[in-house]
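The structure appears right after this line, and notes come after that.
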There are 2 protein chains.
Amino acid sequence: MGAIETRERTVAAAYQLFEERGYDGTSVDDIAERAGIGRSTFFRMFGSKEDVIFPEHDSLLASIEARLAGAVTTETRYVAVAEAARLVLLHYLAEGEVARARYRLTRSVPALRAREIAGMQQYQRLFRTWIHRWYEGAPEAALRAELMAAAVVTGHNHVLRGWLRGLTEDPMADFDRAMVEVMRLFAGGPDEEAGTTVIVLRTPRQVESVLPQVRAALIAEE
Amino acid sequence: MGAIETRERTVAAAYQLFEERGYDGTSVDDIAERAGIGRSTFFRMFGSKEDVIFPEHDSLLASIEARLAGAVTTETRYVAVAEAARLVLLHYLAEGEVARARYRLTRSVPALRAREIAGMQQYQRLFRTWIHRWYEGAPEAALRAELMAAAVVTGHNHVLRGWLRGLTEDPMADFDRAMVEVMRLFAGGPDEEAGTTVIVLRTPRQVESVLPQVRAALIAEE
DNA sequence: GCACGATGTGATACTCAGTACCGTACACAT
DNA sequence: ATGTGTACGGTACTGAGTATCACATCGTGC
């Protein structure tokens, strides 16, 4: 009886019990008993009761890192980000009903929800780090990297949530559309802002007093 | 001895002890003892050991909701989002060293980090809900609302983190710049005509009261 | 064949967060 | 003065997570 089978059997037992009695209504003793292992072994394998719900998080992070590290040329980088996010989506799709069970749990137990969000933030952090590396030296590089990473993760989550709720038949097509929307946000760099006017006002005076200047400036631009 | 003073004294005692012995090295008994209250009272007031670190979260959420609900006209909505995010920043700035202590804690204790991120997600959710309401009916409205909410929160967090780390002297100016960057992403979307004007304002009081006039003046010029 | 260390396992005991409950002290009303 | 509600502290309990110990298993070397 290999260690991997035992691990999978324990995860299965945990999900079963969570469905039957709820997360808080299930003790680690219950899980260990149904899985046919000792309580000590459970904590040795998973570290905590929460971790049994997110068992493949680390390996998924490693996959993403590998995908991003493989994007060496400028042309392929945007694609690499989208593809790395797609890896996450594919992982969930492959899990099927397990992913939906986890979703139900994270919706109902605040601590689990926080844990899942924190996990997503790790993906985002990975994206941010790599994008920032690519943008190095550009103005507002750090902020733009964060914004892009957040947008990609948000787009991914949007599609994933739709699938988890059973609202879509073709999540991959949704994902493609979402990534188009995301990339469109960043398509034009800071230098291609024709037709856009940005005004930053910082003044202790009443805004009315500067309105004439605002008008004048806008008219002069047009 | 009022309830509010007791609450504040307990929070102060908790932060002191966390600094001295670390979060895990401090028990609720320790906090209660230093604050001069019973253990039961602690849990009655805060609900959990984590909650003593995020004591004003709910009231801040309410402020944001109020600010967003106040943006009734289309013209002031973008500004309302930025101003609501600014409320969060101002809250942290007003906390001063307490906010930095909390930051140190959340960096070092994974459970607290998850909790904080989940809190930020609640802000983001509020933004998303309101923006979605405004966009109702537009193509990809749900996704675009999520993206904009994520961008605003990300921009805010970027500035906040910089201040928490002591990397900036003028976080408000940073925030203005960040919001310009954020709003630029969404200016000139597929639904809007070519000429888009984004204004970021910082005035001492009642920005919301004068902004409609600014916007009206700008529209009148076009 | 047997001694040997390494590793995985289960049982026990412990700390501490969080909950439930109970008695009490102090307010404020009639 | 007496009821009533409320906030408080104390006690006991459940359950997560940690530390420790004893034992079983499994090569590996002799």
Side-chain angles (χ1 to χ4, degrees), chain A residues 1-55 57-58 102 105-106 108-116 118, chain B residues 1-55 57-58 102 105-106 108-116 118:
Chain A
M1 185 165 58
I4 296 172
E5 290 86 36
T6 302
R7 198 183 159 87
E8 287 173 356
R9 194 176 65 247
T10 306
V11 170
Y15 272 98
Q16 281 174 21
L17 285 164
F18 292 156
E19 292 280 327
E20 293 173 15
R21 315 178 193 175
Y23 182 77
D24 290 329
T26 304
S27 72
V28 173
D29 279 302
D30 297 334
I31 302 171
E33 184 185 351
R34 181 167 297 192
I37 61 174
R39 206 175 90 100
S40 307
T41 305
F42 177 90
F43 281 107
R44 225 173 261 126
M45 281 198 292
F46 297 99
S48 79
K49 184 179 169 186
E50 288 185 5
D51 284 349
V52 80
I53 300 179
F54 309 95
H57 181 68
D58 290 340
R102 185 190 300 118
L105 283 172
T106 55
S108 56
V109 183
L112 298 181
R113 180 199 294 250
R115 173 62 177 271
E116 189 184 47
Chain B
M1 185 165 59
I4 297 170
E5 289 84 30
T6 302
R7 198 184 160 88
E8 287 172 356
R9 195 176 63 248
T10 307
V11 171
Y15 272 98
Q16 281 174 21
L17 285 163
F18 292 157
E19 292 278 327
E20 293 173 15
R21 318 178 193 175
Y23 183 76
D24 290 327
T26 304
S27 72
V28 174
D29 279 304
D30 298 334
I31 302 171
E33 184 186 351
R34 181 166 299 192
I37 61 173
R39 207 175 90 101
S40 305
T41 305
F42 177 91
F43 281 108
R44 230 173 255 127
M45 281 198 292
F46 298 98
S48 79
K49 183 179 170 186
E50 288 184 4
D51 284 348
V52 79
I53 301 177
F54 310 95
H57 181 68
D58 290 340
R102 184 190 301 119
L105 283 172
T106 55
S108 55
V109 183
L112 297 182
R113 179 197 294 250
R115 173 64 178 271
E116 189 184 46

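Order of the sequence lines fixes the chain letters, A, B, ..., with proteins taken first and strands second; residue numbering starts at 1 for each chain. None of these values were measured; they are calculated from a predicted model.
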Worksheet, complete the sentence: Tested for side chain to side chain contact (heavy atoms under 4.5 Å, CB included) against B:Phe18, the lone hit among B:Asp24, B:Val109, B:Ile53 is B:Ile53
Worksheet item: Of all heavy-atom pairs between B:Leu112 and B:Phe54, which one has the smallest distance, and what is that distance?
Response: O-CZ, 3.8 Å
Worksheet item: For B:Glu8, what residues pass the salt bridge (Lys or Arg N to Asp or Glu O under 4.0 Å) criterion, not counting sequence neighbours?
Response: none
Item to complete: Write down the distance between CZ (A:Phe42) and P (C:dT12), rounded to a whole number of angstrom.
Response: 20 Å
Worksheet item: With a cut-off of under 6.0 Å to the ring centre and 45° to the axis, is B:Lys49 in cation-pi contact with B:Tyr23?
Response: yes
Fill in: Protein-nucleotide distance (B:Met45, atom CE; C:dG18, atom P), rounded to Å
15 Å
Item to complete: Kindly say whether A:Val28 contributes a backbone atom to a donor-acceptor pair with the side chain of A:Arg39 at under 3.5 angstrom?
Response: no
Worksheet entry | Rounded distance (Å) that lies between atom P of C:dC16 and atom NZ of A:Lys49 | 21 Å
Worksheet item: Does atom CD of B:Glu50 have more than 12 heavy-atom neighbours, drawn from other residues, nucleotides or ligands, at distances under 6.0 Å?
Response: yes
Worksheet, complete the sentence: Sorted by number, residues from residues 30-39 of chain A placing a heavy atom under 4.0 Å from DNA chain D are A:Arg39
Worksheet item: Are the side chains of B:Asp51 and B:Met45 in touch, meaning some heavy atoms are under 4.5 Å apart?
Response: no
Worksheet item: Out of D:dA16, C:dC16, C:dG18, which nucleotide sits closest to the side chain of A:Ser27?
Response: D:dA16
Worksheet item: If you look at every heavy atom in A:Asp30 and A:Arg21, which pair is closest and at what distance?
Response: OD2-NH1, 3.2 Å
Worksheet, complete the sentence: Sorted by position of nearest nucleotide on DNA chain D, 5' first, the leading residue of A:Ser40 and A:Val28 is A:Val28
Fill in: Separation of atom CZ in A:Phe43 from atom C1' in D:dT20, rounded to whole Å
16 Å
Fill in: Distance, rounded to the nearest Å, where B:Tyr23 contributes OH and C:dC16 contributes C1'
11 Å
Practice prompt. Look at the side chain of A:Arg9 and the backbone N and O of A:Ala35, then say whether any donor-acceptor pair between them is shorter than 3.5 Å.
Written response: yes
When you compare the protein's N or O atoms with those of nucleotides 4-7 of chain D, which come within less than 3.5 Å of each other, and at what distance?
none

Practice prompt. For B:Arg21 and C:dC16, give me the distance from atom CZ to atom P, rounded to whole Å.
Written response: 11 Å
Worksheet item: To the nearest angstrom, how far is B:Asp24 atom CG from D:dA16 atom C1'?
Response: 13 Å
